[in-house]
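All ligand and atom numbering here is 1-based and tracks the order in the structure. These numbers come from the heavy atoms of this one structure, side chains and all, not from hydrogens, waters or symmetry mates.
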Amino acid sequence: MAKRTEVAHDQLLTLIKRPRRLRASAALRDLTAEVQLHPRHLIAPFFIVPGRGEEQPIAALPGVRRYSVDRLLRQLEQALALGIRAVILFGVLPSSLKDAQASCADDPQSPVAQALRAARQAFGNDLVLITDVCLCGYTDHGHCGVLTPTPRGMAIDNDASLRRLTAMACAHAEAGADIVAPSDMMDGRVAAIRRALDRRGLTMVGILSYAVKYASAFYGPFRAAAGSTPQAGPSRTDGTLAPTDRQTYQMDPRNSREALREAALDEEEGADLLMVKPALAYLDIMVKVRSISTLPLVAYHVSGEYAMLKAAAAAGALEEPAAVTETLLGIRRAGADSIISYYACEALAQGWLG
Ligand code: PBG
């Protein structure tokens, strides 16, 4: 009796399944790694300002600068040399060029339009040129759409905003964008942009929809960089103030079913790629969107997420290379095919991603 118990006990100790076997060497770990980070998985964001010779540091985003078109070209060349295949461009205007209708948004001479033409001429089809399509950097009130007075105060006029957004998307497409990326969160913008592009014969210009974009506190440094913080002022016409946040158009962080609805709508409307934004606080959303769509999925590792890592690294609280790699891997593991990150060029230049 005693002997039998001993045998059973021994068998229990004989572990058949030992997950540690596959962790025993770097080569074994590499062999069995489920996700990778390759330069092609990264999309580098750039802020573009008017003028020449401009390289403006951004206090809220250490290591990131705003460039005029001439200086941008050097940066794009370096990005290409690092293996980057896609960039997303954001225009930044002085307040003197902003107005209630975002008049400069569809100007063929806007900084973004000029950057597109210059980049296409310099790099041909080697670099995928994506542009952010949104009015917030172009309106004097900093909202992503145009405002209209209503009985309940100033409000975003969804359908009037669509007209300005489609004009902006077409201006970018005509200047050479491969992909336009509407980030405004107006209803129906993907369909409206698709229709407008097709009418102009721009049928091969793609749409990367910021389909699932939350009203997030993590956009703070971006708004400082782009001068796009929403204001109550100067477009108020009747004394009623506009909201100073984006909660009437960006998504409520309490929701996840709504993310699936937004993603499905944008896919139906003709989006070619979908985005989830921000990344880290919404990895559950990434997993869910991945499971309902066959479209390529892009994650935006946003400005606040970058700034947090930079601040923690500067404070000596964590090791930046490993923390950045782990963060980007987590986003890939959740299902993102590619990641927009302010770390894209730095991480590759420093060899952090292996
Ligand atoms: C424009 C836009 C924003 C971001 C990308 N496009 C700001 C916002 O919605 O307020 C944020 C990106 C970031 O934080 O890095 N609407």
**Report entry** From Leu93 atom CG to Asp140 atom CG, the distance as rounded to the nearest 0.5 Å
**Finding:** 11.5 Å
Taking only Lys NZ, Arg NE, NH1 and NH2, and the carboxylate oxygens of Asp or Glu, determine whether [X] and [Y] approach each other closer than 4.0 Å.
X      : Y      : result
Asp266 : Arg194 : no
Asp337 : Arg290 : yes
Asp159 : Arg163 : no

Any idea which atoms of ligand 1 are less than 4.0 Å away from a heavy-atom of [X]?
X      : result
Arg223 : 8 (C), 10 (O)
Asp132 : 1 (C), 6 (N)
Cys144 : 16 (N)
Tyr342 : 12 (C), 13 (C), 15 (O)
Phe218 : 14 (O)
Ser183 : 1 (C), 2 (C), 6 (N), 16 (N)
Cys136 : 1 (C), 16 (N)

Query raised in the report: Are side-chain N/O atoms of Gln350 and Tyr343 paired as donor and acceptor at under 3.5 Å?
Result: no
Does [X] approach ligand 1 within less than 4.0 angstrom via side chain, backbone, both or neither, non-hydrogen atoms only?
X      : result
Asp184 : neither
Tyr300 : side chain
Ser303 : both

Report task. Could you find the nearest protein heavy atom to atom 9 (O) of ligand 1 and give me its residue, atom name and distance? Result ->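 The protein heavy atom lying closest is Lys213 NZ, 2.6 Å.
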Query - Nearest-contact summary for atom 5 (C) of ligand 1 - protein heavy atom, Å - result: Lys277 NZ, 2.7 Å
Requested in this report: Take Asp272 and Leu295 through the side chain to side chain contact (heavy atoms under 4.5 Å, CB included) test and state the conclusion after the steps.
Outcome: CA-CA 7 Å; Asp272 300 284; Leu295 295 182; 5.9 Å; no
Query - Candidate with minimal heavy-atom separation from atom 8 (C) of ligand 1, of Arg246, Glu305, His301 - result: Arg246
Query raised in the report: Within 45° of the ring axis of Tyr219 and under 6.0 Å from its six-membered ring centre, is that where the NZ or CZ of Lys213 lies?
Result: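 The answer is yes; both the distance and angle limits are met.
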Report summary line: Only residue of Leu76, Val87, Leu129 satisfying side-chain contact (heavy atoms from CB on, under 4.5 Å) with Phe123 is Leu76
Query raised in the report: Would Val212 and Tyr282 count as a side chain to side chain contact (heavy atoms under 4.5 Å, CB included) if you check the C-alpha gap in whole Å, the side-chain angles of each, and the deciding distance to 0.1 Å?
Result: CA-CA 10 Å; Val212 180; Tyr282 299 91; over 6 Å; no
Query raised in the report: Closer than 4.0 angstrom: is that true for some heavy atom of Gln250 and an atom of ligand 1?
Result: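 For ligand 1, residue contact (heavy atoms, under 4.0 Å) with Gln250 is present.
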